[in-house]
Amino acid sequence: QVQLVESGGGLAQAGGSLRLSCAASGRTFSSYVMGWFRQAPGKEREFVAAISWSGGNTFYADSVKGRFTISRDNAKTAVYLEMNSLKPEDTAVYYCAASPPSNSGSYFIPRRYNYWGQGTQVTVSS
């Protein structure tokens, strides 16, 4: 079992930066694939970024590639999302998600992930 708590959301201006954090509980955290998803009002939840258990592999949605960076600290059982050059279209609730090693399939789809945080709001003004 893994519990996830996001923090770091808020209001930013276009072109600005925010850093999201996700604190995880559970001694098996280091074996989980971790992902960030977001959901804007009236839209489906969409993939943002994912990171392998070791941190050696990262994956990004085309819409954030080059602007966002996902990282993890297994010693602190935390995962981060550094967001730069923010755009108004980045406005959404951002969710941290965890996928146990037994799961397979694409990192890009929500159903791979068993555990979710409560979400943190990110609002980017133009």
Side-chain angles (χ1 to χ4, degrees):
Q1 189 80 5
V2 175
Q3 293 183 325
L4 306 171
V5 179
E6 303 97 334
S7 62
L11 178 64
Q13 291 188 333
S17 299
L18 285 173
R19 186 182 193 229
L20 304 184
S21 298
C22 174
S25 66
R27 57 184 179 178
T28 57
F29 170 82
S30 62
S31 65
Y32 281 62
V33 169
M34 299 299 297
W36 286 96
F37 288 76
R38 66 187 182 186
Q39 189 167 16
K43 295 188 176 181
E44 293 187 354
R45 192 166 298 191
E46 66 172 358
F47 170 78
V48 175
I51 188 166
S52 61
W53 66 271
S54 67
N57 293 294
T58 56
F59 307 88
Y60 297 94
D62 287 343
S63 58
V64 307
K65 202 171 294 183
R67 301 188 298 121
F68 290 11
T69 303
I70 188 171
S71 61
R72 68 189 295 163
D73 186 335
N74 286 341
K76 296 182 178 180
T77 64
V79 63
Y80 309 99
L81 187 68
E82 186 75 34
M83 305 187 295
N84 298 315
S85 302
L86 284 164
K87 303 176 181 180
E89 51 263 44
D90 294 320
T91 295
V93 177
Y94 283 70
Y95 297 91
C96 175
S99 172
S102 56
N103 285 7
S104 61
S106 171
Y107 287 8
F108 306 147
I109 57 175
R111 68 171 181 263
R112 184 200 167 108
Y113 298 82
N114 291 24
Y115 306 104
W116 294 82
Q118 83 288 349
T120 185
Q121 177 71 46
V122 171
T123 302
V124 183
S125 62
S126 57

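Note that the structure is predicted; figures quoted are calculated from it, not measured.
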If you measure only the distance, is there a donor-acceptor pair under 3.5 Å linking the side chains of Arg112 and Ser99?
yes
In this structure, which one of Tyr107, Tyr113, Tyr95 forms a ring pair (Phe, Tyr, Trp, His ring centres under 6.0 Å) with Phe37?
Tyr113
For Tyr94 and Phe68, take the angle between the two ring planes, folded into 0 to 90°, and tell me which bin it lands in: parallel under 30, tilted 30 to 60, perpendicular over 60.
tilted
What pairs of donor and acceptor atoms, side-chain ones from residues 3-17 against any protein atom, are under 3.5 angstrom apart with sequence neighbours left out?
from, atom 1, to, atom 2, distance (Å)
Glu6, OE1, Gln118, N, 3.0
Glu6, OE1, Gln118, NE2, 3.4
Glu6, OE1, Gly119, N, 2.9
Glu6, OE2, Cys96, N, 2.8
Glu6, OE2, Gly119, N, 3.3
Ser17, OG, Asn84, OD1, 2.8

For Ser21 against Trp36, the heavy-atom pair lying closest together:
O-CH2, 3.8 Å
Answer with yes or no whether the hydrophobic clustering places Phe47 together with Leu20; edges join I, L, V, M, F, W, Y residues whose side-chain heavy atoms lie under 4.5 Å apart.
no
ILVMFWY cluster, Ile70 and Val33 together (side-chain gap under 4.5 Å)
no
List the atom of Pro101, the atom of Ser31, and the distance in Å for their closest heavy-atom pair.
CD-O, 3.6 Å
Result of checking Lys87, Met83, Glu82 against Arg67 for side-chain contact (heavy atoms from CB on, under 4.5 Å):
Lys87
Whether Asp62 and Lys65 form a salt bridge (side-chain N of Lys/Arg under 4.0 Å from carboxylate O of Asp/Glu) is what I want to check.
yes
Within a strict 4.5 Å, meaning less than it, do heavy atoms of the Gln1 and Thr28 side chains meet?
no
Heavy-atom count around Trp116 CH2 within 6.0 Å, excluding the residue itself: above 12?
yes
Per salt bridge (charged side-chain N to carboxylate O under 4.0 Å, His left out), Arg38 is matched among Glu89, Glu46, Glu44 by Glu46
Between the OG1 atom in Thr120 and the CG atom in Leu81, the distance rounded to the nearest 0.5 Å is 11.0 Å
Group every Ile, Leu, Val, Met, Phe, Trp and Tyr by side-chain heavy-atom contacts under 4.5 Å, then state whether Val64 and Val93 land in the same group.
no
Under the rule for side-chain contact (heavy atoms from CB on, under 4.5 Å), what residues qualify as partners of Ser106, not counting sequence neighbours?
Phe108, Ile109
Between Thr123 (side chain) and Thr91 (backbone), is there a donor-acceptor pair under 3.5 Å?
no
Pair listing, side chain to side chain donor-acceptor pair (under 3.5 Å) test, anchored in residues 69-80, at least two apart
Arg72-Asn74
With under 30° as parallel and over 60° as perpendicular, where do the rings of Tyr115 and Tyr32 fit, or are they tilted in between?
tilted
